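Heads up, the thing below is written out as C-alpha cells.
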2 protein chains.
Amino acid sequence: MAGIRDVAKLAGVSTATVTRALRDEASVTAATKAKVRAAALRLDYVPSAAARALSRGRSNLLGLFVPDITNPFYAQVAQGLEDRAAEARYHCVIASSHLNPERERHLLTSFQDGTLAGLAATTVGTDEGFTTALGATRGPLVLVDRRPRGIKAPLVRTDNRKVTRGAISQLFEMGHTRIAMISGPRDFDTACQRLSGFRLAYKAAGTALPDELIRHGHLGEAGGYKAMNELLELDPRPTAVFCFNNLVTVGALKAIREARLRIPTDISILAFDDMNLFPLVDPPISAIDQPAYEMGRAAADLLLRQLDGERGLGDVVLPATMIMRESLAPPSTR
Amino acid sequence: MAGIRDVAKLAGVSTATVTRALRDEASVTAATKAKVRAAALRLDYVPSAAARALSRGRSNLLGLFVPDITNPFYAQVAQGLEDRAAEARYHCVIASSHLNPERERHLLTSFQDGTLAGLAATTVGTDEGFTTALGATRGPLVLVDRRPRGIKAPLVRTDNRKVTRGAISQLFEMGHTRIAMISGPRDFDTACQRLSGFRLAYKAAGTALPDELIRHGHLGEAGGYKAMNELLELDPRPTAVFCFNNLVTVGALKAIREARLRIPTDISILAFDDMNLFPLVDPPISAIDQPAYEMGRAAADLLLRQLDGERGLGDVVLPATMIMRESLAPPSTR
DNA sequence: TTGTACGCGTTATCAA
DNA sequence: TTGATAACGCGTACAA
C-alpha cells in the first residue's frame, strides 16, 4: 500500500503538496498537479480514511439511527439521507435497534468515539439514561419524525396533527360516528400529535369520544394485531379504525382477516404511512403518506449545514398527504 | 474532549496502562484498572475511533452494498448483517445504489480508502471496470445473493435452481401448460439459475417452452409492469406467471389489476421473495421465500471469520421455501 | 506489572 | 507556490 510519502517522492514534491494537489486546490500549479496525479495513479494511492479522520478531527460518516430498517418508511428515510450525504461525499452508517431501547442505548454509546461526524435519529427509548446518551452525542444531531423529551436539536417531521385531523374529519363526513384509533406509545410525540388531531376531528364533529376507542402503546405488526382484536371485541364495534403507522396497519389487517370481517363493509381502515403494496391489498388501503425519502434528504441537509458551521437551524416540516383508496366507505346501515 | 493523556494523568499511570486497563487485559492489576476506569468515567473519556483505526490499520466498520435498501429483501439482509456485526462490535455502512451501475462503481471506489474493514455486496454492475473495482477492494469481500462474473469470493445464496424447479413443477401438476417467466438481466447468475430451474421443470413435464414466454432483463416494479403487459398481449395468454423477484411481482400485479384480470381465475402468479403484505393482497400471493435475514447474518459471519484470519471459506447455501397461497390454482378450463 | 517512546498516514501551520 | 514539520490519539515493542 503506497503512502503519501511514496507519491511525494515519485512526483518529486513534498507530502503537503501531494495533499493540496489531489484536493485540487487553487494554490497548486497545473503542472505540479499533473505530476502528482500521475504518481498517485501509478502507485494506486488512495489517502487513508483513518489518517484523514484523525488529522482533521472528523470523519466523513453520517449516522442514522432507526427503530427498524426493515420498515419501508425508515428504509426510504435511509435512502434519502444517503443520497443527500453522497452529494457531499459523506457515507452513512445505519444502526437499526429492532425497537429495543436497550440495544438502542448501547448502540448510541458505542458511537461516542467519533466514528460519526453527525447523527440523524429516530429513537424509541424514552428513559433518562437514554436521552442523556443522545444529548452526549459528539457532533451535530438531527431528529427525524419525532423528538424525545428534553432533546434539543432540529427535527424533520410532517404536520401530524393537521393531516390527521383532516383525514378523520373526512370519515365523519362519510357518516362514521364510532371511529377508533390504534395509537403508539404515549410518550411518542408523533402519537400525541396524531391523537390530538384525532380528538380535534371528534370535537369538530361534536361527537363524544369514549376512551375505549383509543388503544395506546401499540407498535409493530404484533401491536396492531393485538389492538385490533381488542377493538373487534367492543360492542358496538367501531365502524372505522385509524392505525398509528404502517406496520400497525399490517397487523390490524391480519386480525380483521382472521375475524373474517370485510373491509370496508364491516369496518373502514385508514393507515398512517403508505406502503407500495397497499394499492393491491384486498381492498386497497387508504393511507396518509409521509414523504419519507424527502425527510431523509432534509435530515442529511440539516446535518451537513451544521457541519459547515451553521447554527440555530429550525425544524423542517414537510407535507403529508391523504391517499384515498377503497378501505374507506360510509358505514353500513344495519 | 478528554484524551488518553488526561486519563493517564488523573489516574497517575502511563497512557499505555490506560489502554491496557480499559481493554481489560490480564496483565493489569485490579486496583490499577479501577483507578483508570474511575478516571476515564470522570473525564467522559472514549478512545477515538479514528486513532484506533489508524493505529491498528483496520476500522470496525463493515460495508454492505445493495441495489436498493428500500427493497425489503435487502433491508432484511442489512438487519441480519448488522445484528451479527454488532456481536463482534462492528458497525455497518450501508450503500444503496438505486440499481445504478454508475453510482455503484463510484461508491465502490470511494471506499478504497480503508473506511471499511470488509465488504458484503450484492451488485448490479457487470462491466469490466466495475468488477475490477470490486476485486480491488481492501480487506475481505463476501458476495450476497449473486456472484458477478470473474469475482472470486465466498457467496451467500439460496438454491435458486432447485427451489424454482420444484415450484414450477407444482404448477404443471396443477394442470398449467403455458407458464411464463418474467426474468431478470441475463448476466445475473440468479436469473440464470432460476431460469434454469424453470426450464428443467418444463423438460420434466415434457412440454416445449416457446421463447415468447420468457421475458428477460426486467428489474423493479417498472420492469415487472412492462413485462406483464407484454405477456398479457400474447395469444393465447399464459395461464401462470413466475416473477423473478418481489418488486417485479408488485409491478406485474399492478399490470394485471389494470387489465382487470382476476388472479388466479384468469392467471396464476408465483413470486420469488416473500413480502409481509403478500398474505393480504387480493388474492394472497404465493412466493418462494428466501431467508434474507439469515443471509445477512451469514455474510457478516463470513466477513468476521476472514478478519480473524480464516482463509479458503466456501459458499454458504441456505434453503428457500415455497409458500402456497391463493394466487396459484389450476387453469380455468374454457 | 508498568512506563517510555515510536509509528501509524494525514492535514495544517508557518516559513521560505 | 512549495516545503519542513508538528500535531492528531492510540497501540505496542521494548525496557525497566
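Proteins come first, then strands; the chains are lettered A, B, ... in the order of their sequence lines, and each starts at number 1. None of the values given here were measured: they were computed from a predicted structure.
Note on A/T15: a base of the nucleic acid sits closer than 4.0 angstrom, heavy atoms only.
Using a 4.0 Å cutoff on non-hydrogen atoms, no part of residues 108-118 of chain A comes near DNA chain D.
A salt bridge does not link B/R157 with B/D189: every distance from a Lys NZ or Arg NE/NH1/NH2 to an Asp or Glu carboxylate oxygen is 4.0 Å or more. A salt bridge does not link B/R146 with B/D187: none of the charged nitrogens is closer than 4.0 Å to a carboxylate oxygen.
With rounding to whole Å, A/L22 atom CG is found 15 Å from D/dT2 atom C1'. Protein atom NZ of A/K33 is 10 Å distant from nucleotide atom P of D/dT1, rounded to whole Å. D/dG11 atom P lies 7 Å from atom CZ of B/R56, rounded to whole Å. Atom CZ of B/R52 and atom C1' of C/dT10 are 19 Å apart (whole Å). Distance, B/I4 CD1 to C/dG3 P: 12 Å, rounded to whole Å. Atom CZ of A/R20 is separated from atom P of C/dC14 by 14 Å (rounded to the nearest Å). Following rounding to the nearest Å, B/R23 (CZ) and C/dT2 (P) show an atom-to-atom distance of 17 Å.
Closest-nucleotide positions on DNA chain C for B/A26 and B/A51 were compared, and the one nearer the 5' end corresponds to B/A26. Two residues, B/A16 and A/Y45, neighbour DNA chain C, and the one matched to the more 5' nucleotide by heavy-atom proximity is B/A16.
Using a 4.5 Å heavy-atom threshold, the side chains of B/Q290 and B/L318 count as separate.
Not one side-chain nitrogen or oxygen of A/T17 sits closer than 4.0 Å to the OP1 or OP2 atom of D/dT2.
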